[in-house]
Asker: 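For reference, the structure I am asking about is given below.
Along the sequence shown, residues carry numbers from 1. Predicted model only: the values in this text are computed from it and were never measured.
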Amino acid sequence: MSDTTEAGPLKDYQARLITPFAVLGICTEEDWLTDIDYLPLDIPPLAPDNPLAEEVCRQLLAYQDDPTFVFDLSLHIAGTPHQKRVWEVIQQIPCGSTRSYADIACQLHSAPRAVGQACGANRLPIIVPCHRVIAKNGGLGGFMHASDGMPLNIKRWLLNHERV
C-alpha cells in the first residue's frame with residue numbers, strides 16, 4: 001500500500017525527512033539529486049533507500065543545525081535557460097541575506113514576475129535558496145506559487161532560521 005495525501009498518492013521518494021517546517025520528499029536519480037518537495041508534516045518519514053539519499057538527508061540535517069552549512073551535492077537542475085540563470089543568481093545570495101525579485105530581474109535584464117515564476121519552478125529548494133528572494137518593499141512576496149498558507153509559513157521559518 002502506498003502513502004497518499006489529500007491530493008492523491010505520493011511520488012516515489014528515495015527518502016522523506018521530517019523537519020520543523022515540513023516533511024522533505026527527496027528524489028534522486030542515479031548520482032543526482034533531482035527534487036526536494038515540501039510535504040505536510042503529517043506525512044510519515046521514509047528512511048533513505050540509497051547512499052545519495054542518505055547523504056542528502058545528512059546535509060539537510062546539517063543545514064537545520066547550522067544555517068551557514070554549505071551543501072556539496074551533485075544536482076540535476078532541469079529548467080529553461082532563463083530559470084537556470086535565475087537559480088544561479090539565487091545560489092549566490094549569502095545565508096542571512098535577501099534580494100528582491102526586482103533586483104534579480106534588473107541584474108538579468110528580465111522582469112520581476114519572470115523571476116518569481118522561476119523561483120516557483122525551483123525543484124531543489126533550500127539547496128537553491130529561493131526563500132531568500134523577497135518583495136521589493138521588504139515583504140515576503142510569494143513562495144511555491146502561493147501568497148499565503150503553508151508555503152509562506154515555510155518561507156518565514158527558513159528566513160528566521162538563517163538570521164545569524
Asker: Would you please name every residue forming a side chain to side chain contact (heavy atoms under 4.5 Å, CB included) with Glu29, sequence neighbours left out?
Answerer: Thr34
Asker: Using the salt bridge (Lys or Arg N to Asp or Glu O under 4.0 Å) rule, collect all pairs that involve residues 74-97, keeping only residues at least two apart or in two chains.
Answerer: none
Asker: So which atom in Pro125 and which in Ile36 form the shortest heavy-atom distance, rounded to 0.1 Å?
Answerer: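 Looking at all heavy atoms of both residues, the shortest contact is CD-O, 3.2 Å.
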Asker: Give, for atom CG of Leu41 and atom CD1 of Ile18, the distance between the pair rounded to the nearest 0.5 Å.
Answerer: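 These two atoms lie 8.0 Å from each other.
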Asker: Rounded to the nearest 0.5 Å, how far does CG of Leu124 lie from CG of Leu33?
Answerer: 5.0 Å
Asker: Answer yes or no: is there a side-chain heavy-atom contact under 4.5 Å between Leu24 and Ile126?
Answerer: yes
Asker: Does anything in residues 116-129 form a side-chain hydrogen bond (donor to acceptor under 3.5 Å, both in side chains)? List the pairs, not counting sequence neighbours.
Answerer: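 Found Asp35-Arg123.
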Asker: Say you draw a straight line from CD1 of Ile154 to CZ of Phe21; how long is it, rounded to the nearest 0.5 Å?
Answerer: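 Separation between the atoms: 7.0 Å.
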Asker: Between SG of Cys130 and CD1 of Ile104, what distance do you get to the nearest 0.5 Å?
Answerer: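 Answer for the SG-CD1 pair, Cys130 versus Ile104, is 10.0 Å.
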Asker: Count the heavy atoms belonging to other residues, nucleotides or ligands that lie under 6.0 Å from CD of Glu55, then report whether that count exceeds 12.
Answerer: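 Count over threshold, so yes.
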Asker: Enumerate the residue pairs fulfilling salt bridge (Lys or Arg N to Asp or Glu O under 4.0 Å) with a member in residues 124-134, sequence neighbours excluded, ordered by first and then second residue.
Answerer: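 Only Arg132-Glu162 qualify under salt bridge (Lys or Arg N to Asp or Glu O under 4.0 Å).
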Asker: With sequence neighbours excluded, what pairs up with Leu61 under the side chain to side chain contact (heavy atoms under 4.5 Å, CB included) test?
Answerer: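 Testing Leu61 for side chain to side chain contact (heavy atoms under 4.5 Å, CB included), a comparison that skips the adjacent residues, returns Leu17, Gln64.
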Asker: Which residue pairs satisfy the ring pair (Phe, Tyr, Trp, His ring centres under 6.0 Å) criterion with at least one member in residues 78-133, sequence neighbours excluded?
Answerer: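 Qualifying pairs, neighbours excluded: none.
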Asker: Keeping to residues at least two apart or across chains, list the ring pair (Phe, Tyr, Trp, His ring centres under 6.0 Å) pairs with something in residues 40-71.
Answerer: Tyr63-Phe71, Tyr63-His161, Phe69-Phe71
Asker: Can you tell me if CG on Asn137 sees more than 12 non-hydrogen neighbours from other groups inside 6.0 Å?
Answerer: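 Above 12, so yes.
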Asker: Please report the shortest heavy-atom distance between Ile134 and Gly139, naming the atom on each side.
Answerer: CB-O, 3.2 Å
Asker: Determine whether a donor-acceptor pair (N or O, by modelled atom type, separation under 3.5 Å) exists between the side chain of Lys155 and the backbone of Val133.
Answerer: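 The answer is yes, because a donor-acceptor pair under 3.5 Å joins these two groups.
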Asker: Is Leu140 reachable from Val115 through a run of I, L, V, M, F, W or Y residues, each pair having side-chain heavy atoms under 4.5 Å apart?
Answerer: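 The answer is yes; both residues are in one hydrophobic cluster.
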Asker: Using the side-chain hydrogen bond (donor to acceptor under 3.5 Å, both in side chains) rule, collect all pairs that involve residues 36-47, keeping only residues at least two apart or in two chains.
Answerer: Lys11-Asp37, Tyr13-Asp37
Asker: Are Ile26 and Leu60 packed together at the side-chain level, in the sense that at least one heavy-atom pair is separated by less than 4.5 angstrom?
Answerer: yes
Asker: Can you name the side-chain hydrogen bond (donor to acceptor under 3.5 Å, both in side chains) partners of Asn153, sequence neighbours left out?
Answerer: Arg156
Asker: What are the two closest non-hydrogen atoms of Ser74 and Asp31, and how far apart are they?
Answerer: CB-O, 3.2 Å
Asker: In this structure, would Leu39 and Leu158 fall into the same cluster of hydrophobic residues linked by side-chain contacts under 4.5 Å?
Answerer: no
Asker: Return the set of residues passing side-chain hydrogen bond (donor to acceptor under 3.5 Å, both in side chains) with Ser100 (not counting sequence neighbours), or none when no residue passes.
Answerer: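 For Ser100 the side-chain hydrogen bond (donor to acceptor under 3.5 Å, both in side chains) partners, ignoring immediate neighbours, are Asp103.
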Asker: Which residues pass the side-chain hydrogen bond (donor to acceptor under 3.5 Å, both in side chains) test with Gln107, not counting sequence neighbours?
Answerer: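 Per chain and number, Gln107 pairs via side-chain hydrogen bond (donor to acceptor under 3.5 Å, both in side chains) with Arg99.
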Asker: Heavy atoms only: give me the nearest Cys119-Ile90 pair and the separation to one decimal.
Answerer: SG-CD1, 3.6 Å
Asker: With sequence neighbours excluded, tell me which residues meet side chain to side chain contact (heavy atoms under 4.5 Å, CB included) with Asn50.
Answerer: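 Per chain and number, Asn50 pairs via side chain to side chain contact (heavy atoms under 4.5 Å, CB included) with Gln14, Thr28, Leu52, Ala53.
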Asker: Quick check: closest heavy atoms across Pro48 and Ala15, and the distance to 0.1 Å?
Answerer: CA-CB, 3.8 Å
